[in-house]
Amino acid sequence: MNKVISLLGPTASGKTEFAIFLKKNFDLEIISIDSVMIYKYFNIGTAKPNESILKKIPHKMVNIIEPFEKFSVAKFYSNLLDCINEAHSKGKVPILVGGSMMYFKTFFSGGLSDLENVSESTKKKVQEIFASKDLENIYDFLKKLDPLIAKNIHPNDKYRIARMLEIYFSNNEIPSIALSRYSRNVQCFNNLNLSIIPNDRTLLHNNIEKRTNSMIDMGLIDEVLDLRNKYPKQFLPAMSSIGYKQVNQYLLNDIDLLSMKSKIMAATRQLAKRQITWLRHLDATTVYTSIDYDNIESRVRDFLKS
RNA sequence: GGCUUGGUAGCUCAGUUGGUAGAGCAGUGGACUGAAAAUCCUCGUGUCGGCAGUUCAAUUCUGCCCCGAGCCA
């Protein structure tokens with residue numbers, strides 16, 4: 001009794017509805033694998049199930065932190081293990097549903113390297129380096145410090161170069177050594193992994209268009225306004241996610257309503273593409289080209305019986 | 001009807017003093033271990049509106065035609 005079902009798919013592929021359908025037929029516990037739905041009050045733009053659905057059909061890992069809090073894969077992973085254990089202790093099989101593929105990857109590979117947390121002062125130090133030096137120089141520094149790690153990072157990838165410096169300063173070791181240190185709990189679950197890779201991109205794009213329009217109709221702009229009023233000067237990590245970012249640009253008069261919509265749709269399509277790239281290369285999952293209710297349901301039924 | 005102006009990649013446009021063209025966006029494929037819905041990389045042949053003329057050579061010059069915008073009647 002250590003079964004775990006995973007259902008992964010790109011945005012707008014209908015996985016959430018499908019998980020709810022499965023939950024009605026089997027004794028499952030839904031655990032969301034979504035880096036933005038974890039935030040409270042980010043509802044419409046994340047396509048989060050509404051409150052009455054969440055009440056009837058609880059989703060773990062949804063609405064677990066405040067908008068101004070910082071989250072991370074590490075926090076996600078330890079939370080996830082707790083949720084899985086809790087479900088198992090209740091005799092339920094957890095079903096992990098979502099599209100945050102790095103989170104899934106972390107779960108499948110049994111966790112992250114054993115690293116020190118990065119302190120605020122270290123973060124600041126790294127920021128100052130980036131403010132005072134050219135990216136090129138910083139990359140050269142990393143290349144001399146740790147050629148192995150630099151090889152895997154593109155010189156333009158500011159984000160990852162910064163992260164490697166943070167790792168270096170917090171662990172007092174070069175990143176490639178620090179990252180190779182694991183205190184992993186070996187993945188000891190009995191997994192059923194199901195992926196949705198839509199074979200009809202046009203259909204997916206149409207769904208994205210419909211869903212974006214309906215988000216706006218449902219009041220996405222008001223949701224962003226409310227968040228801005230509630231947290232006027234705070235940095236909200238989820239504000240840089242799709243939908244929220246573009247509505248903010250619209251509210252600042254940087255773009256008009258029409259281009260706001262088309263930018264949201266484009267960003268969503270790009271997200272779906274990246275998610276599909278992950279799915280093509282994550283192994284050990286059974287791939288479906290669309291949500292095939294009958295086939296997936298019988299697959300789940302067999303798995304639960306076994 | 002006359003004058004002005006534009007018609008170049010799916011979209012917005014640049015360019016060729018005549019040698020068949022290139023950016024941004026979109027799209028595609030990919031990378032990705034603590035903000036990942038983030039961050040980053042790869043990929044550009046299109047009757048240069050149509051027909052004819054000049055020319056060794058026209059998308060570029062000339063003429064006519066078609067379509068759009070503006071102004072004048």
Side-chain angles (χ1 to χ4, degrees), chain A residues 10-12 32-39 42 44-48 65 67-80 98-120 122-123 126-127 130 135 139 149 151-167 170-171 175-184 201-202 204-205 208-209 211-212 215 220 235-248 255 258-259 262-282:
Chain A
T11 184
S32 159
I33 306 295
D34 189 297
S35 62
V36 192
M37 283 196 207
I38 53 161
Y39 285 103
F42 283 75
I44 297 170
T46 62
K48 201 184 274 177
I65 61 172
F68 49 82
E69 287 185 82
K70 286 185 180 160
F71 201 64
S72 67
V73 212
K75 288 179 186 165
F76 158 81
Y77 184 63
S78 78
N79 252 295
L80 175 63
S100 293
M101 300 308 171
M102 189 176 72
Y103 289 9
F104 268 115
K105 192 206 167 193
T106 302
F107 171 65
F108 292 152
S109 55
L112 300 162
S113 301
D114 192 16
L115 300 175
E116 295 296 325
N117 287 327
V118 181
S119 68
E120 284 306 312
T122 302
K123 278 189 185 164
V126 171
Q127 273 172 20
F130 274 80
L135 187 58
Y139 183 75
I149 215 81
K151 216 176 66 187
N152 295 320
I153 296 177
H154 189 97
N156 289 349
D157 200 343
K158 197 172 162 182
Y159 185 98
R160 289 204 170 75
I161 296 170
R163 170 93 255 260
M164 290 309 134
L165 295 188
E166 288 177 2
I167 291 177
S170 332
N171 294 276
S176 56
I177 303 267
L179 283 164
S180 65
R181 217 177 40 235
Y182 289 96
S183 57
R184 278 188 179 172
R201 198 60 72 91
T202 315
L204 183 69
H205 288 181
I208 288 170
E209 183 175 346
R211 207 180 60 171
T212 303
M215 281 176 180
L220 178 61
F235 172 72
L236 308 181
M239 272 300 181
S240 55
S241 64
I242 295 168
Y244 297 92
K245 181 181 166 188
Q246 294 79 4
V247 170
N248 267 303
I255 53 176
L258 207 69
S259 80
S262 67
K263 275 171 189 280
I264 293 174
M265 290 174 196
T268 310
R269 280 182 241 124
Q270 289 161 352
L271 168 65
K273 183 165 74 78
R274 274 178 272 128
Q275 288 172 312
I276 290 168
T277 302
W278 274 107
L279 292 178
R280 288 196 188 109
H281 301 274
L282 279 174

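Order of the sequence lines fixes the chain letters, A, B, ..., with proteins taken first and strands second; residue numbering starts at 1 for each chain.
- Scanning both residues, S170(A) and N117(A), for their nearest heavy atoms gives CB-O, 4.0 Å.
- Atom C1' of nucleotide rU12(B) and atom NZ of K263(A) are separated by 12 Å, given to the nearest angstrom.
- Between Y244(A) and F42(A), the ring centre distance stays below 6.0 Å.
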- Can you check side-chain hydrogen bond (donor to acceptor under 3.5 Å, both in side chains) on R211(A) and T11(A), steps first, answer last? CA-CA 10 Å; R211(A) 207 180 60 171; T11(A) 184; 2.7 Å; yes
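- The distance between atom NZ of K105(A) and atom P of rA31(B), rounded to the nearest whole Å, is 10 Å.
- At least one side-chain nitrogen or oxygen of R163(A) sits closer than 4.0 Å to the OP1 or OP2 atom of rG34(B).
- The same atom, P, is picked in rU47(B) and in rU17(B); the two are 23 Å apart, to the nearest Å.
- At most 12 non-hydrogen atoms from other residues, nucleotides or ligands lie less than 6.0 angstrom from NZ of K263(A).
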- Note on the structure: With both pairing distances under 3.5 angstrom for Watson-Crick or G-U wobble, and | for a partner in another strand, the correct string for RNA chain B is (((((((..((((.....[..)))).(.(((.......))).).....(((((..]....)))))))))))).
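- Remark: the separation of the P atoms in rG22(B) and rA35(B) is 42 Å, to the nearest Å.
- A gap of 37 Å separates the C1' atoms of rG29(B) and rG68(B), to the nearest Å.
- Relative to the side chain of R269(A), the nucleotides rG30(B), rG27(B), rG34(B) differ in distance, and rG27(B) lies closest.
- With distances taken from any side-chain atom of Q270(A) to the nucleotides rA31(B), rA26(B), rU39(B), the minimum falls on rA26(B).
- Environment of CD1 in I177(A): sparse, with no more than 12 heavy atoms of neighbouring residues, nucleotides or ligands closer than 6.0 Å.
- Taking each heavy atom of I161(A) and H154(A) in turn, the nearest pair found is CD1-O, 3.9 Å.
- When all heavy atoms are compared, the tightest approach of R181(A) to L115(A) is NH2-CA, 4.2 Å.
- Here CG of N152(A) is found 9.0 Å from CE of M164(A). Values are rounded to the nearest 0.5 Å.
- Rounding to whole angstrom units, CD1 of residue I161(A) and P of rC32(B) are separated by 16 Å.
- Remark: C1' of rA35(B) and CD1 of I65(A) are 10 Å apart, rounded to the nearest angstrom.
- For the pair D157(A) CG and rU39(B) C1', the computed distance is 5 Å after rounding to whole Å.
- In this structure, rG7(B) is classed as anti because its glycosidic torsion departs from zero by more than 90°.
- Only the C1' atoms considered, rG49(B) is 6 Å distant from rG7(B), to the nearest whole Å.
- If you measure from atom NE2 of H281(A) to atom P of rG29(B), you get 10 Å, rounded to the nearest angstrom.
- Between the C1' atom of rA26(B) and the NZ atom of K273(A) lies a distance of 11 Å, rounded to the nearest Å.
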Extract from the structure each pairing of a protein N or O with an N or O of nucleotides 36-38 of chain B at less than 3.5 Å, listing the distance.
{"unit_1": "rA36(B)", "atom_1": "OP2", "unit_2": "Y103(A)", "atom_2": "OH", "d": "2.6"}
{"unit_1": "rA36(B)", "atom_1": "N1", "unit_2": "R160(A)", "atom_2": "NH2", "d": "3.3"}
{"unit_1": "rA37(B)", "atom_1": "OP1", "unit_2": "S35(A)", "atom_2": "OG", "d": "2.1"}
{"unit_1": "rA37(B)", "atom_1": "OP1", "unit_2": "S100(A)", "atom_2": "OG", "d": "2.9"}
{"unit_1": "rA37(B)", "atom_1": "N6", "unit_2": "D34(A)", "atom_2": "OD1", "d": "3.4"}
{"unit_1": "rA37(B)", "atom_1": "N6", "unit_2": "D34(A)", "atom_2": "OD2", "d": "3.4"}
{"unit_1": "rA37(B)", "atom_1": "N6", "unit_2": "T46(A)", "atom_2": "O", "d": "3.4"}
{"unit_1": "rA37(B)", "atom_1": "N1", "unit_2": "G45(A)", "atom_2": "O", "d": "3.2"}
{"unit_1": "rA38(B)", "atom_1": "OP2", "unit_2": "R274(A)", "atom_2": "NH1", "d": "2.7"}
{"unit_1": "rA38(B)", "atom_1": "OP2", "unit_2": "R274(A)", "atom_2": "NH2", "d": "3.0"}
{"unit_1": "rA38(B)", "atom_1": "N1", "unit_2": "R160(A)", "atom_2": "NH2", "d": "3.1"}

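- Between Y103(A) and F107(A), a ring centre-to-centre spacing not shorter than 6.0 Å is recorded.
- The side chain of N156(A) places an N or O atom within less than 4.0 Å of a non-bridging phosphate oxygen (OP1 or OP2) of rC41(B).
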- Task: For the pair S262(A) and S259(A), evaluate side-chain hydrogen bond (donor to acceptor under 3.5 Å, both in side chains) and give the outcome as yes or no after the intermediate values.
- Result: CA-CA 5 Å; S262(A) 67; S259(A) 80; 5.5 Å; no
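- Distance E209(A) CD to rA26(B) P: 16 Å, rounded to the nearest Å.
- rG50(B) and rG10(B) have their C1' atoms separated by 22 Å, given to the nearest Å.
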